Structures are given as structure tokens and as C-alpha cells.
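Below is one structure; the comments refer to it alone.
Count residues from 1 along the sequence. Just so you know, these numbers come straight off a predicted model, no measurement behind them.
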Amino acid sequence: MKVLIYFDDYDTVKESGVGKAIDHQIKALKLADVDFSLDKNDEYDICHINTVFPKSVLFADKAKKDGKKIVYHAHSTKEDFKNSFKFSNQIAPIFKNWLVYAYRKGDIILTPTDYSRKILEGYKLDREIKVVSNGIDLDFWKKKDGDRENFYKKYGLDKNKKSIISVGLFIYRKGILDFVELAKRLPQYEFVWFGELNLNLVPENIKRAVKTDLKNLHFPGYVKQDDLRQAYSGSDLYIFPTHEETEGIVLLEALAMKTDILIRDIEIYENLIDGKEIYKAKTIDEFEEKSIKILEDQLPSLKEEGYKKAEEKSLKKIGIRLKEIYEDLLERE
């Protein structure tokens with residue numbers, strides 16, 4: 001058995017969650033001793049596709065015509081496309097139709113969570129849908145000596161202040177407006193948002209938020225993985241104010257780093273128990289209140305319990321799961 005991880009669109013998505021998912025698949029298959037290739041000209045039995053660009057869909061047609069099995073990985077939904085780019089809400093119904101067309105190319109569909117599977121089942125895809133987390137590389141996401149000092153120095157943060165970070169594109173769905181509002185309300189803490197997006201692609205309210213002039217608010221843009229690892233390790237609180245996700249790889253990273261975490265209380269994370277494995281907030285006032293309590297040690301740290309949730313999604317386990325799915329697919333008529 002040999003698997004082709006379709007790689008032609010990687011450069012387009014490498015800085016996104018889909019790009020990280022592809023990176024994780026490559027590492028997971030190595031750990032599971034699965035023979036795979038990134039070269040579409042190689043011989044292969046199964047084609048695993050993660051992107052929904054026209055080129056990806058056309059390649060699925062070619063692979064099918066050549067008698068190959070297709071695994072289509074559904075990372076995107078109409079729901080998480082909304083509230084992102086300019087006119088995304090108007091385009092969302094058309095995007096959904098395209099997703100249905102693309103995903104139906106698969107002999108089987110994979111998606112990261114039970115929540116996203118439930119959404120996809122509503123699309124009437126007429127395909128089996130299996131849940132496979134994007135996983136987390138526990139060997140990489142570990143604290144190192146000097147992380148805090150290096151993090152504060154790199155971004156010019158005030159050493160006398162505790163720090164709050166978040167990670168994501170400059171889009172409403174990721175909760176950036178609430179993050180900026182928190183920075184305004186809590187000048188006693190440093191706020192750092194990692195990630196970026198061409199501001200020509202976002203609405204005016206997002207542009208204004210990113211350009212907010214506050215001494216305690218920082219936008220370093222997209223950074224390398226080790227810089228991000230250092231930020232999780234060196235900061236005091238990770239806030240994930242996202243409104244919608246299919247999984248949220250950045251949350252897995254924060255859990256793996258044993259970071260104190262505060263997320264928005266949304267349906268996809270109902271399996272994470274507030275006050276036991278993680279802290280949750282519904283409103284901006286609640287985000288403000290719980291941020292202060294966590295940072296001022298008025299709430300107990302949940303780092304160790306949170307790490308157990310990351311352990312459940314190690315790349316070794318994901319590799320074994322993918323191998324089982326591939327082998328089962330090849331045995332089918």
C-alpha cells in the first residue's frame with residue numbers, strides 16, 4: 001500500500017490550519033510506517049487530498065479515472081467560511097455548493113471532529129464520513145529554558161506585566177475584535193496576536209482593530225513555529241475567542257504546551273469541561289473577568305488536565321488511525 005498526499009497546493013495553504021494538517025499527516029504516516037509520497041507522478045494506491053482548489057478537484061478526477069482510491073479530507077465548511085473575508089457571508093452558499101462537489105470526489109471523507117461531521121452530514125454528501133483529528137506533535141510542542149525571557153525580549157514586552165496571546169488570521173470569526181477590546185479594558189497586561197491577513201481582504205472594522213494604537217497591543221504577524229512555541233511557553237494566558245472551528249489546531253498546540261487557556265464557549269468544544277480541563281467564556285465581560293482571575297491566581301491552573309486532552313491526539317495515534325482507514329478502503333470493492 002502506498003499513499004499519495006496531494007501536495008501541489010501546499011504553498012498556498014502552508015501558513016493555515018490546512019497546511020499544518022498536511023504537515024501532521026506526513027509526520028503521522030512516518031510514525032506509523034506507512035509508505036507515502038508527495039510526488040503525484042509516483043505510483044500509488046490511495047490519494048489523500050486536503051484542499052478544495054480547482055486543481056485539487058481536477059486531480060481527484062484524474063486519480064479516480066486511473067483506478068485510485070480517494071480520501072478527501074474535509075477541513076472547511078460553509079459555517080467556518082462565513083465571517084472571514086470581505087463578502088464571505090454572501091459567497092458562503094456558493095462555497096458550500098463547491099465543497100459538496102469537491103468532497104463527493106472522495107470514496108471516503110475524513111473530518112477532524114464530531115462537530116464538523118455533524119455539519120457535513122447535513123450537506124447530504126452520500127459518502128461515509130470518519131472523524132480523524134489533525135493531531136498534535138507532542139515532541140515539538142514542549143517548553144524550553146529561556147522561553148519567557150526570549151519571548152518578552154523579541155516583542156519588546158514590559159517584563160513587569162503578565163501577557164496574553166492569541167493566534168489566527170485577521171478575521172472576525174477568530175474573535176480578533178474581542179481580543180482588541182480586552183486589550184483596551186486590561187492595560188495592565190500585554191496582548192500579542194500572532195497571524196496576519198492582507199488587510200485589503202477584510203472589512204473596515206477589522207482594519208480599524210488591527211490598527212488600534214495601544215502600547216500593550218502587538219501584532220507581530222505570521223511567525224515561525226519555534227517562535228510560536230516560545231510564545232505559548234513564555235506567555236501567561238492563551239485566549240482563543242473563535243466563534244467557529246472545525247477543530248482548531250492552535251488550541252491543540254496550547255494544550256500540548258501546558259498553557260493556561262481561556263476559550264469561547266461554543267458547541268465544538270462541549271467535550272472540554274469548563275473549570276476542569278479548560279476555562280470558557282461566552283461574553284466579553286466574562287472574558288475580562290476570567291482573564292483577570294486566571295492571571296491573578298484566583299482560579300486554579302488546569303494545565304495538566306488540559307495536556308491529557310492533547311495526549312489523546314498525538315501524531316502516533318493519528319498515524320495508526322489513518323493506516324487503518326487506508327487499509328480498510330483498499331479492501332473494499
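At least one donor-acceptor pair closer than 3.5 Å links the side chain of Lys290 to the backbone N or O of Lys280. Here the side chain of Glu286 pairs a donor or acceptor atom with the backbone of Lys282 at under 3.5 angstrom. Panel note: side chain Tyr232, backbone Ile165; no donor-acceptor pair is recorded below 3.5 Å. Between the side chain of Tyr269 and the backbone N or O of Glu247, at least one donor-acceptor pair lies under 3.5 Å. Remark: side-chain polar atoms of Lys162 are paired, donor with acceptor, to backbone N or O of Leu295 under 3.5 angstrom.
Salt bridge Glu289/Arg185: absent, no basic N to carboxylate O contact under 4.0 Å. Contact check on Asp236 versus Arg148 returns a salt bridge, with a Lys/Arg side-chain nitrogen under 4.0 Å from an Asp/Glu carboxylate oxygen. The existence of a salt bridge linking Asp137 and Lys27 is confirmed by a sub-4.0 Å separation between a basic side-chain nitrogen and an acidic carboxylate oxygen. Between Asp178 and Arg264, at least one side-chain nitrogen of the basic residue sits less than 4.0 Å from a carboxylate oxygen of the acidic one, meeting the salt-bridge criterion. Salt bridge present: Arg117 and Asp114 bring a charged side-chain N and a carboxylate O closer than 4.0 Å. Looking at Glu79 and Arg173, no side-chain N of the basic residue comes within less than 4.0 Å of a carboxylate O on the acidic one, giving no salt bridge. In summary, Arg332 and Asp107 do not engage in a salt bridge, as defined by a charged side-chain N under 4.0 Å from a carboxylate O. Salt-bridge check for Lys64 with Asp61: failed, with every basic side-chain N at 4.0 Å or more from each acidic carboxylate O. Residues Asp45 and Lys68 are not paired through a salt bridge, judged by the lack of any N-O separation under 4.0 Å between the basic side chain and the carboxylate.
Residues Leu199 and Lys211 have side chains in contact (heavy-atom distance under 4.5 Å, counting atoms from C-beta outward). The closest side-chain heavy-atom distance from Asp8 to Lys55 is below 4.5 Å. Looking only at side-chain heavy atoms (C-beta outward), Tyr189 and Lys161 stay at 4.5 Å or farther from each other.
For Trp98 and Tyr101, the ring centers sit closer than 6.0 Å to each other. Proximity of the aromatic rings of Phe219 and Phe170 is defined here by a centroid distance below 6.0 angstrom, and this criterion is met. Ring to ring, Tyr172 and His243 are close: their centroids are under 6.0 angstrom apart. Annotation: Tyr6 is in aromatic contact with Phe59 [ring centroid separation under 6.0 Å].
In the model, Thr246 has no side-chain atom that pairs as donor or acceptor with a side-chain atom of Tyr115 under 3.5 Å. For Asn134 and Gln25, the side-chain atoms include no donor-acceptor pair closer than 3.5 Å.
Taking the ring centre of Tyr307 as origin, the terminal cationic atom of Lys258 falls inside the region bounded by 6.0 Å and 45° from the ring axis.
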Before giving the answer on salt bridge (charged side-chain N to carboxylate O under 4.0 Å, His left out), spell out for Glu305 and Lys308 the whole-Å C-alpha distance, their side-chain angles and the decisive distance to 0.1 Å. CA-CA 5 Å; Glu305 288 300 315; Lys308 292 176 185 178; 3.1 Å; yes
